[in-house]
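Report on one structure; see the data block that follows.
For the numbers below, each heavy atom of this structure counts, side chains included, while hydrogens, waters and symmetry mates do not.
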Amino acid sequence: MPSTPSPIGRSRMLRRPAAPPRAVDIVLGVLSFGAVGVVFVGRMFAYGMDVWAAGGSPDVADQVSLAQMAFTWKVLIVSLLLAGVAALLRARWTAALQLVAVVLLFGLTVLLRHDFDRSHPAPPAPLNSGYTPCYSGSGRCN
């Protein structure tokens, strides 16, 4: 009976890495979640100090609001990439905690955008050229 060669080298290349021990996974997850939180809170504090140093100038406040949203999106993307790497390395707790960070950052981004949109309402639509206001008793109401 002829024997077929064993694809040992090929199976080693396709093998996924072993999952890290649960304690290491949890510690790395908490540390990465904490690092993202510290970086985010520190930068948001710095943005608040920028507005305070400018004396609450509306132009500076607008620029800072836009910068906060951009920074939050960047941190969200980095957290999503960290969650992906953790999932590839089979670190379940780290991936889960990074996904929690992604959800929190997405919620903060939505809140920042909502606050910015409320403070900058869209201009009203222009009136049509044949519009005449309707005053009580004028007889020109449509």
Side-chain angles (χ1 to χ4, degrees), residues 3-142:
S3 65
T4 59
S6 171
I8 294 174
R10 185 173 169 173
S11 67
R12 285 184 185 166
M13 289 176 47
L14 298 177
R15 203 177 330 160
R16 293 180 70 184
R22 186 179 303 209
V24 172
D25 186 17
I26 292 173
V27 168
L28 286 176
V30 169
L31 287 176
S32 64
F33 184 82
V36 168
V38 166
V39 167
F40 182 78
V41 168
R43 188 64 194 135
M44 290 300 133
F45 179 76
Y47 282 134
M49 290 292 103
D50 289 344
V51 173
W52 178 74
S57 168
D59 293 334
V60 172
D62 289 345
Q63 290 174 352
V64 167
S65 293
L66 293 173
Q68 284 177 328
M69 284 186 279
F71 181 75
T72 305
W73 274 112
K74 290 173 187 172
V75 173
L76 187 146
I77 290 169
V78 168
S79 292
L80 196 57
L81 290 173
L82 286 174
V85 169
L88 286 175
L89 296 176
R90 300 175 62 186
R92 293 178 182 161
W93 286 95
T94 303
L97 285 171
Q98 284 304 306
L99 288 177
V100 168
V102 166
V103 169
L104 291 173
L105 288 166
F106 184 75
L108 287 170
T109 303
V110 169
L111 287 174
L112 288 170
R113 185 66 196 189
H114 180 70
D115 287 345
F116 184 79
D117 287 344
R118 287 193 69 170
S119 64
H120 297 84
L127 299 174
N128 111 24
S129 62
Y131 174 77
T132 53
C134 179
Y135 297 109
S136 177
S138 68
R140 294 186 293 167
C141 296
N142 295 333

- Item | Where at least one partner belongs to residues 77-88, residue pairs that pass salt bridge (Lys or Arg N to Asp or Glu O under 4.0 Å), sequence neighbours excluded |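 Residue pairs passing salt bridge (Lys or Arg N to Asp or Glu O under 4.0 Å), neighbours aside: none found.
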- Message: How close do Ala86 and Ala95 get, counting heavy atoms only, and between which atoms?
- Response: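 In terms of heavy atoms, the two residues are closest at CB-N, 3.6 Å.
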For residues 28-38, which side-chain N or O atoms pair as donor and acceptor with protein atoms under 3.5 Å away, sequence neighbours left out?
unit_1	atom_1	unit_2	atom_2	d
Ser32	OG	Leu28	O	3.1
Ser32	OG	Gly29	O	3.0
Ser32	OG	Gln98	NE2	2.9

- Sequence neighbours excluded, every pair satisfying side-chain hydrogen bond (donor to acceptor under 3.5 Å, both in side chains) that has a member inside residues 17-31: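 Pairs touching residues 17-31 that pass the test: Asp25-Thr94.
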Below 3.5 Å, can you tabulate the donor-acceptor pairs from side chains in residues 61-82 to any protein atom, sequence neighbours excluded?
unit_1	atom_1	unit_2	atom_2	d
Asp62	OD1	His120	NE2	2.8
Asp62	OD2	His120	NE2	3.2
Ser65	OG	Ala61	O	2.9
Thr72	OG1	Gln68	O	2.7
Ser79	OG	Val75	O	3.1

- Query: Quick one: salt bridge (charged side-chain N to carboxylate O under 4.0 Å, His left out) partners of Arg113, sequence neighbours excluded?
  - Reply: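 For Arg113 the salt bridge (charged side-chain N to carboxylate O under 4.0 Å, His left out) partners, ignoring immediate neighbours, are Asp117.
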Using atom types as modelled, flag every donor-acceptor pair under 3.5 Å from a side chain in residues 39-55 to any protein atom, sequence neighbours excluded.
none

